[in-house]
Amino acid sequence: MAEPLGFSKVKEGDWLTVKPGFMRRSGTSGLVVGIAPEGASLDFFTCGQCGSLNCPCYASIEMWEWGELEPQDDLETAK
Ligand SMILES: [Zn+2]
């Protein structure tokens, strides 16, 4: 179990949100496409540079560390 508290149930196909204040993806949700000990790879479906869809610098999948993401488990316990 490498994931910190709040991310124990994260799996591919889930959505995670970048914490406020973290650069261009602040507050943005991405689809989990990969999980690593240090974080998750998220697909935002938009360009990481300008935010547009399908622009020349298009790179929609980025690796984010757990500490930069909003914990997911709060949603589960709220039910
Ligand atoms: Zn762009």
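Position 1 is the first residue of the sequence; numbering continues from there.
Between Phe44 and Trp64, the ring planes are perpendicular. Angles over 60° get that label, and only those under 30° would be called parallel.
Contact annotation: the side chain of Val33 never approaches that of Leu42 to less than 4.5 Å [non-hydrogen atoms, C-beta and beyond]. Thr17 has its side chain out of reach of Leu69: every pair of non-hydrogen atoms, C-beta onward, lies at least 4.5 Å apart. In this structure the side chain of Phe45 never reaches within 4.5 angstrom of the side chain of Ile61, judged on heavy atoms.
Note that the NZ atom of Lys19 and the CD atom of Glu68 stand 9.0 Å from one another [nearest 0.5 Å]. Within the model, atoms CG of Asp14 and CD of Gln72 stand 4.5 Å from one another, a figure rounded to the nearest 0.5 Å. In this structure, CE on Met63 lies 10.0 Å from CD1 on Ile35, to the nearest 0.5 angstrom. Of the inter-residue distances, the one linking Thr28 atom OG1 with Glu62 atom CD reads 9.5 Å to the nearest 0.5 angstrom. Atom CD of Glu70 is separated from atom CZ of Phe22 by 9.5 Å, given to the nearest 0.5 angstrom. Asp43 contributes atom CG, which lies 6.0 Å from atom CG of Leu31 (distance to the nearest 0.5 angstrom).
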Go through the steps for Thr46 and Arg24 under the test side chain to side chain donor-acceptor pair (under 3.5 Å), then give the verdict.
CA-CA 11 Å; Thr46 55; Arg24 65 201 181 281; over 6 Å; no
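Shortest non-hydrogen contact noted between Ser52 and Cys55 is CB-CB, 4.2 Å. Scanning both residues, Ser26 and Gly21, for their nearest heavy atoms gives OG-N, 2.8 Å.
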